[in-house]
Amino acid sequence: MKAIEEVVTLQVPATAEYVDLVRVTLYGIAAKMGFSYEAIEDMKVAVSEACNNAVLYAYEQGSSAAPEEQSVEIKFVKKFDSLSIIVKDNGRSVDAVSEAPQTSPLHGKKIDEIHSGGLGLYLMQALMDQVEVLSNAGTQVTLTKRLVRSEELA
Amino acid sequence: MNQQNKFHLRTETTKGRCTVYVSGEFDLEVAGQMRAAMAPLIELTDRELALNLRDLKYIDSTGIGILVSMLKARHANNAAFIVEAIPPSIRKLFDMTGITPFLTRQA
């Protein structure tokens with residue numbers, strides 16, 4: 001097995017209406033690689049959360065990026081035994097993103113105490129094998145899922 | 001995008017109950033639409049409010065966040081809020097985030 005890497009790149013405007021396009025693309029790539037239905041569902045949520053963060057926070061008021069530069073780049077890096085999805089914006093860096101909550105903000109709480117902040121990042125961690133967040137002139141999130149082929153499960 | 005994934009809401013109201021059938025993909029794109037549709041229903045404290053998720057294909061943290069705020073609003077008003085017919089893939093995310101116990105417990 002050679003360490004061949006194949007990359008598919010998608011660039012979309014940083015708006016909510018393009019996140020489903022990212023999911024459809026992910027589905028096509030992951031299904032072709034042989035990921036299970038469940039693994040694909042996990043990745044769909046994780047990748048959407050990374051895109052949501054870019055849509056919601058990267059280009060808030062005060063961002064110097066011109067409207068046509070307000071985009072999100074999604075790079076699908078296919079390897080023999082894994083798929084990494086790199087979600088990158090060129091907006092402002094969000095420091096808060098680098099600290100992932102270890103438990104869900106909803107676990108073991110009373111109803112008046114619960115809140116949904118930090119849920120997106122928590123889900124990314126819970127659903128992927130590896131999550132890496134880099135904040136430096138924009139934010140770059142790398143999500144990796146190992147490929148367990150169905151014949152290996154038998 | 002195929003029709004099955006398109007977000008759709010249908011509301012059925014009877015005397016004691018208001019049931020909202022949520023189908024398709026419940027994500028950031030439709031968050032505003034969902035919040036606007038739910039706001040008046042949350043105020044109807046004389047009947048129980050149920051969300052039926054039978055045909056829901058996808059939910060993200062934005063959708064779960066909206067469920068959390070609906071739970072809190074109904075709880076504050078002492079009114080019943082029920083989430084029913086949760087598909088397995090959605091249930092997995094509910095379990096993971098810890099929202100499940102709140103959804104299965106009556107207000």
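Here is the naming used below: chain letters follow the sequence lines, and residue numbers restart at 1 for every chain.
Of the inter-residue distances, the one linking B/E29 atom CD with A/T15 atom OG1 reads 8.0 Å to the nearest 0.5 angstrom. The structure places CG of B/D60 at 8.5 Å from CG of A/L123, a figure rounded to the nearest 0.5 Å. Rounded to the nearest 0.5 angstrom, A/C51 SG and B/D27 CG are separated by 11.0 Å.
A/Y122 is not listed as a side-chain neighbour of B/S61, based on a closest heavy-atom distance of 4.5 Å or more. Contact check for B/E25 versus A/R23: side-chain heavy atoms found under the 4.5 Å cut-off.
Crowding of B/Y21 atom OH: a count of heavy atoms from other residues, nucleotides or ligands under 6.0 Å exceeding 12. Shown here is A/K75, whose NZ atom has no more than 12 heavy atoms of other residues, nucleotides or ligands within 6.0 Å. Under a cut-off of 6.0 angstrom, the local environment of OH in A/Y18 is sparse, with at most 12 non-hydrogen atoms contributed by other residues, nucleotides or ligands. Within 6.0 Å of CZ in B/R17 there are more than 12 heavy atoms belonging to other residues, nucleotides or ligands.
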### Check against side-chain contact (heavy atoms from CB on, under 4.5 Å), B/T62 and A/L56
CA-CA 11 Å; B/T62 320; A/L56 288 170; 5.5 Å; no
### Message
Between A/E38 and B/K92, does the side-chain contact (heavy atoms from CB on, under 4.5 Å) criterion hold? Intermediate values first, please.
### Response
CA-CA 10 Å; A/E38 204 186 350; B/K92 178 185 166 182; 3.2 Å; yes
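Residues A/I85 and A/V8 share a hydrophobic cluster, clusters being chains of Ile/Leu/Val/Met/Phe/Trp/Tyr side chains in contact below 4.5 Å. When the side chains of ILVMFWY residues are joined at heavy-atom separations under 4.5 Å, either directly or via intervening members, A/I86 and A/V55 end up in two distinct hydrophobic clusters. A/V22 and A/V77 fall into different hydrophobic clusters, defined by Ile, Leu, Val, Met, Phe, Trp and Tyr side-chain heavy atoms under 4.5 Å apart, directly or through other members. Hydrophobic clustering, with ILVMFWY side chains joined whenever heavy atoms are under 4.5 angstrom apart, keeps A/M128 apart from A/L134.
A/Y37 and B/S89 share no donor-acceptor pair across their side chains, judged by distance under 3.5 Å alone. Checking A/D20 against B/N5 by side-chain atom types alone, no donor-acceptor pair falls below 3.5 Å.
The two residues B/K72 and A/I111 have their closest heavy-atom pair at CG-O, 3.8 Å. Across all their heavy atoms, A/I114 and B/F102 have their closest contact at CG2-CZ, 3.5 Å.
With a 4.5 angstrom heavy-atom cutoff, B/L67 does not touch chain A via any of its atoms. Proximity to chain B (any heavy atom under 4.5 Å) is shown, for A/E17, by both the backbone and the side chain.
In terms of non-hydrogen atom pairs under 4.5 Å with chain B, the most contact-rich of A/D112, A/V19, A/N52 is A/N52.
Below 4.5 Å, heavy atoms of chain A meet no heavy atom from residues 35-46 of chain B.
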